[in-house]
Trainee: 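Take this structure first; my questions come after.
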Amino acid sequence: EDIRHALLPMAFTKQSATLVWIDPTAARLVLDAGSQAKADEVMTALINAIDGLAVQLIDTTTAPAAAMAEWLSSQEAPSGFSVDRECELKAADESRAVVRYTRHALDTDEVRQHIALGKMPTRLAMTWNDRVSFVLTEGLQLKKLALQDVVLEHKPQAAGDRKDDDFDTDVALATGELRQMLPALLEALGGEIAQPQ
């Protein structure tokens with residue numbers, strides 16, 4: 001009975017993993033976290049584990065919501081990017097009205113009218129150079145990140161059941177694309193604001 005009670009809290013443990021990519025060349029840390037709470041948990045663990053690690057959120061000259069509103073209003077995506085068929089617009093007033101478009105053309109007068117009436121984009125689906133698709137949020141988060149077929153068709157096949165080789169290949173492909181896409185996205189948002197040291 002005592003052993004059962006001692007082991008009971010461990011009976012339903014749940015393990016999870018969060019991928020972390022540290023790019024020392026660009027001085028960038030990227031988390032694959034599904035929520036802000038999970039991101040905070042991982043960052044706390046990293047800061048506790050690595051002496052002297054100091055991190056700051058990226059801040060851009062143009063707020064993502066303002067940039068997305070401009071792209072939708074002008075129907076002109078930044079160079080190298082295309083606007084896809086998913087968007088969320090939210091009113092800033094007390095009504096907090098929300099309009100969501102899914103699998104819907106966004107180059108319409110209706111979308112422009114919502115923006116003109118004060119609804120700001122909080123999420124916008126985009127694709128970079130037909131290689132990486134994602135949803136940009138008002139908080140400069142990238143959701144639903146996916147490599148496109150043009151990238152994956154050049155993926156070498158692992159010999160046999162070598163899961164480690166598949167993982168290494170997937171990481172190399174994803175980080176290679178992100179290493180090019182992230183600076184382009186930051187440039188589309190007016191550039192990164194330099195943080196004081």
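What's counted below: heavy atoms across the whole structure, side chains too, no hydrogens, waters or symmetry copies.
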Trainee: Any link between V42 and V55 through a network of hydrophobic side chains (Ile, Leu, Val, Met, Phe, Trp, Tyr) touching at under 4.5 Å?
Mentor: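 Per the 4.5 Å side-chain linkage, V42 and V55 are co-clustered.
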Trainee: Can you name the salt bridge (charged side-chain N to carboxylate O under 4.0 Å, His left out) partners of R85, sequence neighbours left out?
Mentor: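 R85 satisfies salt bridge (charged side-chain N to carboxylate O under 4.0 Å, His left out) with no other residue.
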Trainee: Would a hydrophobic clustering, with Ile, Leu, Val, Met, Phe, Trp and Tyr connected at side-chain separations under 4.5 Å, put V135 with V83?
Mentor: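 No, V135 and V83 fall in different hydrophobic clusters.
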Trainee: Can you confirm whether V171 sits close enough to D168 that some side-chain heavy atom of one is under 4.5 Å from a side-chain heavy atom of the other?
Mentor: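 No, too far: nothing below the 4.5 Å cut-off.
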Trainee: With respect to R123, which candidate in Q141, R100, K144 satisfies the side chain to side chain contact (heavy atoms under 4.5 Å, CB included) definition?
Mentor: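 Single pass found, and it is K144.
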Trainee: Report yes if the side chains of N48 and T44 come closer than 4.5 Å at any heavy-atom pair, otherwise no.
Mentor: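 Contact flag for N48/T44 side chains = yes.
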Trainee: First locate atom CE of M68, then atom OG1 of T62, and finally report the distance between them rounded to the nearest 0.5 Å.
Mentor: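 M68 atom CE to T62 atom OG1 measures 12.0 Å (nearest 0.5 Å).
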Trainee: Look up atom CG in L189 and atom OG1 in T60, then write down how far apart they are to the nearest 0.5 Å.
Mentor: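 OG1 of T60 is found 4.5 Å from CG of L189.
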Trainee: Are M43 and L19 joined in one hydrophobic group, where the rule is that I, L, V, M, F, W and Y side chains link up if heavy atoms are under 4.5 Å apart?
Mentor: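 Different hydrophobic clusters.
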Trainee: Can you tell me how far SG of C87 sits from NE2 of H114, rounded to the nearest 0.5 angstrom?
Mentor: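 Going from NE2 on H114 over to SG on C87, the span is 9.5 Å.
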Trainee: Please check if the side chain of N129 supplies one atom and the backbone of R131 the other of a donor-acceptor pair under 3.5 Å.
Mentor: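 Pair absent, no side-chain N/O of N129 close to backbone of R131.
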Trainee: Near I3 CD1, under 6.0 Å, is it more than 12 heavy atoms from other residues, nucleotides or ligands?
Mentor: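 Counting neighbours around CD1 of I3, 12 or fewer heavy atoms of other residues, nucleotides or ligands fall under 6.0 Å, so no.
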Trainee: Regarding T122 and E88, is there a side-chain donor-to-acceptor distance under 3.5 Å anywhere?
Mentor: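 Short answer, yes.
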Trainee: Angle between ring planes, F81 versus W128, binned at 30° and 60°: parallel, tilted or perpendicular?
Mentor: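 F81 and W128: tilted rings.
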Trainee: Same hydrophobic cluster for V99 and L72, using side-chain heavy-atom links shorter than 4.5 Å among ILVMFWY?
Mentor: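 Linked, V99 and L72 end up in one cluster.
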Trainee: Are I22 and V30 grouped together when hydrophobic residues (ILVMFWY) are joined by side-chain heavy atoms under 4.5 angstrom apart?
Mentor: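 The answer is no; the residues belong to distinct hydrophobic clusters.
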Trainee: Is any side-chain heavy atom of V98 less than 4.5 Å from a side-chain heavy atom of L89?
Mentor: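 The answer is no; the side chains never approach within 4.5 Å.
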Trainee: Apply side-chain contact (heavy atoms from CB on, under 4.5 Å) to the pair Y101 and L106, showing each step before the final yes or no.
Mentor: CA-CA 8 Å; Y101 292 95; L106 300 176; 3.6 Å; yes
Trainee: Nearest 0.5 angstrom please: K90 NZ to E138 CD, how far?
Mentor: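 Between K90 NZ and E138 CD, I get 6.5 Å after rounding to 0.5 Å.
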Trainee: Any side-chain donor-acceptor pair under 3.5 Å between T127 and Q148?
Mentor: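 Judged by distance alone, the side chains do not pair up.
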Trainee: Nearest 0.5 Å, please: how far is OG1 in T102 from CG in D84?
Mentor: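 Between D84 CG and T102 OG1, I get 12.5 Å after rounding to 0.5 Å.
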Trainee: Just list the side-chain donor-acceptor pairs under 3.5 Å for residues 179-188, sequence neighbours left out, or say none.
Mentor:
residue : atom : partner : partner atom : Å
R179    : NE   : D23     : OD2          : 3.3
Q180    : NE2  : G176    : O            : 3.3

Trainee: Nearest 0.5 Å please: distance from the CG atom of L31 over to the CG atom of L142.
Mentor: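 Here the interatomic distance stands at 12.0 Å.
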Trainee: Quick one: salt bridge (Lys or Arg N to Asp or Glu O under 4.0 Å) pairs with a partner in residues 35-55, sequence neighbours left out?
Mentor: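 Passing the test, one end in residues 35-55: K38-E41.
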